[in-house]
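Order of the sequence lines fixes the chain letters, A, B, ..., with proteins taken first and strands second; residue numbering starts at 1 for each chain.
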Amino acid sequence: MSYDPSAVEQKWQKYWSENRSFEPSDNFDLPKKYILSMFPFPSGRLHMGHVRNYTISDAFARFYRQQGFNVLHPIGFDSFGMPAENAAIKNGSHPKTWTYDNIDYMKKEFYSLGFSFSKERELATSDELYTKFEQGFIIDMYEKGLLYRKEGLLNWCPHDQTVLANEQVIDGCCWRCDTPIVKKEMNQYYFKITQYADELLSDLAKLENGWPKQVLTMQENWIGKSNGLEFDFELSKESKAKLNDKFNSFTVFTTRPDTIYGVTYVALAPEHDIVKYLCDNNLLDKDAISQIKDMKNSSNIDRQKEKSGVSLGVDVIHPLTGQSVPLWVANFVLIEYGSGAVMAVPAHDERDFDFAKKYSLPLKYVIKPNDSELNKNEAYTEAGVLFDSNEFSGFDSNEAKGKIIEYFETLKIGKKTTNYKLKDWGVSRQRYWGAPIPFIHCQKCGLVMEKKENLPVALPSDIDITGEGNPLDLHPTWKYCKCPKCGGDAIRETDTMDTFVESSWYFLRFCADKTNWEKEPFSSEQIKYWMEVDHYIGGIEHAVLHLLYARFFTKVFRDLGYVDFDEPFLRLLTQGMVLKDGAKMSKSKGNTVDPDEIIAKYGADTARLFILFAAPPTQELEWNDSAVEGAFRFIKRFYDKSNGVYKTTTKPAIDHSKLNKDEKFARKKVYEALIRATDVYNNKYTFNTMIAGAMEAMNALTSQNNSDVLTEGYWILTSMLEPVIPHICHEISQKYFNLKNFDSQEIVDEVLQSDSIKYGISINGKNRGEIELTIGLSNDEIIHLAKAEVSKWLEGMTIVKEIVVPNKLINLVVKPC
RNA sequence: GCCCGGAUGGUGGAAUGGUAGACACAGGGGACUUAAAAUCCCCCGACUAUUGCAGUCGUGCUGGUUCAAGUCCAGUUCCGGGCACCA
């Protein structure tokens, strides 16, 4: 019978399903592996990126099952979100119908790819049961002060008609639809992720061996910790009077206290209270007020184009010199960082320099390079030696930083402070298809939590989705309710939660089976066993989104007493993108390849083999139709050549010494491939080299005629390749080995040793020949034979040094006589 | 601007400091066939030479360390990614 992928694959998919082959065991005495891939949004169909993601995690899961581990390899759907609503607007479908139809279709695709997911733990985050417990956490977090509501200036996407978190703004545009975001003042709920900023940063050290460096760096930069000095500038007497004594002083933050004697002006953000007061009370001329207004209204991108500012006609007192310094408003000062006010040192900061040049403000240099001349045409931002800095003159600038902070602290006019770029996570969204925030606004009692026994606060199904406004808010009845506290008329919160809240804890839910899901959000006993996730596989685009939020939730849950570990994901593998014709596959570029078509034409095994063979998983993968063809040919050959294998339920015992050269070579190739395979799962993740090893072994096996060797080879190779091409390996294994070979394979050492080894001979490091030498020769003998081999290169030369690298090469160092 | 990666044949990619280009794809040649497909075999970095099957060069570039460098170090160019007026 020739290879018929569709028949073979359907047969085994049915078999696995009927035998519940991929359900984890409840025997907690077994060693475990939790293999998780980032769950998909149910957009409709799988794309090649999904196939790559799940092929990788499936290889891990299948490998560890063979090694005797109890493996949890679950899948679910991150099923709330905008696209469901956009589809509703476009086609008039209901978001729920659209979502669950897509889930059904995608589940079939998973099935047809042979992924070994636990079917009994599948979930969708839009399930009401999931919402119920999530809303419970929201209430817990509110009570702990980790969730709060405040009026603020928010990122608003005019296209999606919703607020976005900072992490969801990419280059000033919406992460989903690329529309430039605008700032909008509104009420919003925030998670106090900043409370965990320091731990989120320091615990990155725990992930150093398991996470890609790039992701660690991205999180580190995102958290953006900086140490410095915080102190107050007092307003001059006249200025206080001008401001009707409403303001005495304001705070600034600097990481360069060593430049303090170079301050020549001070700048405020346009949103600063003092600026607001000056504008509101007409203490500035009309022009100035309108310029400040423009600054506030311009987007972040516009603000970066050119520095601009206005003098406020107010002076402040330098805390150390007592000199008076002018106060400006400047568009490059950000209200959301530090205190929204900076001391400006144009001589030693490029931004301050540009601003000072534009408005002809004075420069005062106070640091000079250690070993070169100061260039007064630019800002000198490097370290150096202080001058014109009173008692600190002469100090190295790095040393001076600490000294000056100390000085401020002694005088009690400032203190050492740490600032973070990380902002609190804004989580409310003005959309329908999300988990409702379980709060109620009561005129009498204010903001009230829904009672936990009333959860979930479910979405209404009769909904009008037009794309205009918040559908929940516009619903005729849904938001009207009674206050859980006083029983009076009240109104439900109509904002829903960011979908990243759902993906921040789904991995905990998977730890228990469905029977438990009704009772509790997750089982602490099961979590103790299954967590942490051993291998997490997904795209790098979540480096500062999902992966940061999930770490945050884990720490919060720990502090709420739900879990007892600090980090959810021990090892992270970020897979590269799938490209075609050099560009990321996308519908708009028209360069997509539909997984369903590939499966129909070649089968799932071919798709999986190609994906793992064409590139290491962390690199970009260039789709190549003829290489897919090649993968198919390999499987076909692998199947065809199994004809010579005989039936057995144990690995054949072979007397290695009686084999001929080709037979020995074939065995050696098989075992070498096996050794490579173990390495792959432990740390290298280079499935491509593992598969190459298997191909080499196959080539060697078919170049010899010993059926024992062939059978042993297939016993090992079908086991080794099962994680990659499971269907055909099961087919072959069932036919010959009664499925007894899916097990951890022992290495036979004698196979790896051969009677002779090829040595390379080099002279002065240059390759000059090679020689086959029997094992066990002394170095002198080896050198003697090697010299004979390359004698023509030694004429007229004296040998200075002789080096023998065992089993590799001989290097002779020579010079002319 | 700052911080990470990366650069190897026509292509994807291999190489614990030890014979660069494994394994594939594409390409070329051949066998089988009436023919095609499938399959099998051979060649396949560049240049020079040659029917003595040998030599020279070669992992972006310039240096360095070493008996030996794609690999380590310093510098440099280009490409990709992240952050970005963060005081």
Students often get this wrong, so: under 4.0 angstrom with heavy atoms, is [X] touching a base, only sugar-phosphate, or nothing?
| X | value |
| --- | --- |
| A:Trp793 | sugar-phosphate |
| A:Glu629 | nothing |
| A:Ser226 | sugar-phosphate |
| A:Pro616 | sugar-phosphate |
| A:Phe613 | base |
| A:Glu306 | base |
| A:Val333 | base |
| A:Glu770 | base |
| A:Arg676 | nothing |
| A:Ser626 | sugar-phosphate |
| A:Val813 | sugar-phosphate |
| A:Gly224 | nothing |

Specify the separation, in whole Å, of atom [atom1] of [X] and atom [atom2] of [N].
| X | N | atom1 | atom2 | answer |
| --- | --- | --- | --- | --- |
| A:Ile223 | B:rC3 | CD1 | P | 19 Å |
| A:Tyr3 | B:rU39 | OH | P | 14 Å |
| A:Asn811 | B:rA69 | CG | C1' | 13 Å |
| A:Leu609 | B:rG12 | CG | C1' | 14 Å |
| A:Lys636 | B:rA37 | NZ | P | 15 Å |
| A:Leu721 | B:rA24 | CG | P | 13 Å |
| A:Asp352 | B:rA87 | CG | C1' | 7 Å |
| A:Asn331 | B:rA87 | CG | P | 17 Å |

Can you tell me how far [atom1] in [N] sits from the matching atom in [M], rounded to whole Å?
| N | M | atom1 | result |
| --- | --- | --- | --- |
| B:rU16 | B:rA7 | P | 14 Å |
| B:rC3 | B:rG10 | C1' | 36 Å |
| B:rA24 | B:rC73 | P | 34 Å |
| B:rA20 | B:rU71 | C1' | 11 Å |
| B:rC42 | B:rU65 | C1' | 44 Å |

Could you check if a side-chain atom of A:Trp328 sits within less than 4.5 angstrom of a side-chain atom of A:Phe355, using non-hydrogen atoms only? yes
Less than 4.5 Å apart, any side-chain heavy atom of A:Tyr759 and any of A:Lys808? no
If you check the [X] side chain, which of [options] turns out closest?
| X | options | result |
| --- | --- | --- |
| A:Lys801 | B:rC67, B:rG13, B:rC86 | B:rC67 |
| A:Lys758 | B:rA87, B:rU19, B:rC25 | B:rU19 |
| A:Gln214 | B:rA87, B:rG81, B:rG18 | B:rG81 |
| A:Lys792 | B:rG81, B:rC86, B:rA54 | B:rA54 |
| A:Leu809 | B:rC67, B:rU19, B:rA87 | B:rU19 |
| A:Lys421 | B:rC4, B:rA87, B:rC86 | B:rC86 |
| A:Met218 | B:rG82, B:rA68, B:rC57 | B:rG82 |

Establish, with yes or no, whether the OP1 or OP2 oxygen of [N] is under 4.0 angstrom from a side-chain nitrogen or oxygen of [X].
| X | N | value |
| --- | --- | --- |
| A:Lys766 | B:rC57 | yes |
| A:Lys213 | B:rG5 | yes |
| A:Arg637 | B:rA38 | no |

Assess, by modelled atom type and distance only, whether the side chains of [X] and [Y] contain a donor and an acceptor separated by less than 3.5 Å.
| X | Y | value |
| --- | --- | --- |
| A:Ser226 | A:Tyr337 | yes |
| A:Asn624 | A:Ser626 | yes |
| A:Asp662 | A:Ser703 | no |
| A:Asp749 | A:Tyr671 | no |

Under-4.0 Å salt bridge between A:Lys358 and A:Asp354: no
NZ of A:Lys416: more than 12 outside heavy atoms within 6.0 angstrom? no
Side-chain donor/acceptor pairs under 3.5 Å, residues 685-693 of chain A, sequence neighbours excluded:
| from | atom 1 | to | atom 2 | distance (Å) |
| --- | --- | --- | --- | --- |
| A:Thr686 | OG1 | A:Thr689 | OG1 | 3.3 |
| A:Thr689 | OG1 | A:Thr686 | O | 2.9 |

RNA chain B: A:Lys225 or A:Gly630, which has the more 5' nearest nucleotide? A:Gly630
With nearest nucleotides of RNA chain B determined for A:Ser703 and A:Gln619 from heavy-atom distances, which residue corresponds to the more 5′ nucleotide? A:Gln619
Name every residue in residues 687-702 of chain A that has at least one heavy atom under 4.0 Å from any atom of RNA chain B, in order of residue number, or write none if there are no such residues. A:Asn688, A:Thr689, A:Ala692, A:Met695, A:Glu696, A:Asn699
Hey, does the side chain of A:Asp258 reach the backbone of A:Ala400 with a donor-acceptor pair shorter than 3.5 angstrom? no
Hunt down the Watson-Crick or G-U wobble partner of B:rU48, both distances under 3.5 Å, from any strand shown, or write none. B:rA54
